[in-house]
Each structure stands twice: as C-alpha cells, then as structure tokens.
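Residue numbers begin at 1 in each chain, while the letters A, B, ... track the order of the sequences.
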Amino acid sequence: ELKVEQNPLFLSMQEGKNYTIYCNYSTTSDRLYWYRQDPGKSLESLFVLLSNGAVKQEGRLMASLDTKARLSTLHITAAVHDLSATYFCAGSEDTDKLIFGTGTRLQVFP
Amino acid sequence: DTEVTQTPKHLVMGMTNKKSLKCEQHMGHRAMYWYKQKAKKPPELMFVYSYEKLSINESVPSRFSPECPNSSLLNLHLHALQPEDSALYLCASSPRWTYEQYFGPGTRLTVT
C-alpha cells in the first residue's frame, strides 16, 4: 500500500528566502501531484509529474520527481506572503486513487 | 464552464436527518470523486465513479451512499450520520487522460 510522507509539516520562512518541501513515497507511484490549499478553501492543482526526472515550474514554485529515490521536491524561490498556504503532495496507486501526504503548512512573513 | 460546483456550501444536520450533497461539472470529465477532509488533515478518498459506474469504494460506512445519475452529476446521500462525520466534503472530477483531478469548493458538514 502506498504511503506518502512530507516534511517539514510546518515551515515559517521570511520573504525573499528559498526553501524546499520534501515528499517521500513508499512504493511505486505512477505519478506525483502537488496541490495548494488556502485555509477553509478547496485544493488547487499545481503540478502533475509523470516521469522520472520531470521538472515543472510555475512562478516561484518548481517541482521535481526522482522515481528511483521515490522523492519529489517543491522548491520555493524568493518567497512572498501570497504563497502562504498548505501544500500537499499526492501519489497514485492507480489511475484514480490519490494518496495524499500529511501536508506542509507554509507561512511567509515579512 | 471549467469548474466543479458543489452545493450546499455549508450543511448542519442532526443525527437522524437525511440530506444530500450535490456536485456538478460540465467539462465532459468521465471520472468523479468524493473525498472527506478533517481539519488539519489531508483529503481521504471515499468513492470514485468512472463512466457513471462506481469503481472504488474505500470501505466507507453505509450511512454514506453515492449516486451518479449522469456524467455531469454526482450526489452523496447522507443518513444517520455521527458527529465524527463532521468534515469538509470535496468533490473532484478528472478527464483522466491528463491525470489531473479538479476539486470543487467543498461542502462543510456539521453533524449535531
């Protein structure tokens, strides 16, 4: 059974700094997802990573996937307050079944 | 139309009530999902409908009953719920070929 772990669980970072969120998964996952969730809101899809070595970037966020290490990272460059949210990674056991990590709550302060 | 809609936004119900949650999408997606999310926890998959057929039931108690009347609509019928069922219920849909799941805004359910 697929298990997905994220760290850190909580991240407080200063504006302008860089940081990385790590997502480890236990068994083969067909693909790896990253979602953002603002408090009391729904999930917004950020990235879907389909193959080993995949790298995707959108604004200050960059996600990568290493299937051999069973590791995905979400790198934040020059953080701004608007990035404050909870970030989830998720693996998939089959086409439809997503298994979410515990989430990383990110707070960006001035 | 590029979104998943859910109604109601909020629902308070007693343990003896029967209510339904509704989810709708008009993007032609052929897979639809129900998730449950407790506060400060990740979403947990409950049900998956693929081409209007139930394909995954994650051992959800029978007091939750899903229904997919057509390819655009997904319902979740609730009956005799417990206070621990209070949560945010999220619906999602997927065109499958992109593997992305698009989430609706959710229904915040409180069982008293």
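In summary, the side chains of B/Tyr35 and B/Gln101 do present a donor paired with an acceptor at a separation below 3.5 Å, with no hydrogens or angles considered.
Contacts between A/Gln37 and chain B at a heavy-atom distance below 4.5 Å involve the side chain alone, from C-beta outward. For B/Gln37, the part lying under 4.5 angstrom from a heavy atom of chain A is the side chain only. Residue contact with chain B, scored on non-hydrogen atoms closer than 4.5 Å, is absent for A/Ile99.
B/Glu58 and A/Lys97 are joined by a salt bridge, as a carboxylate oxygen and a charged side-chain nitrogen come within less than 4.0 angstrom of each other. Note on B/Arg30 versus B/Glu52: salt bridge recorded, some NZ/NE/NH1/NH2 to OD/OE distance being below 4.0 Å.
The choice from B/Gly106, B/Gly104, B/Ala39 that makes the most heavy-atom pairs within less than 4.5 Å of chain A is B/Gly104.
Under the 3.5 Å distance criterion, the side-chain polar atoms of A/Asn18 are matched with a main-chain donor or acceptor of A/Ala78.
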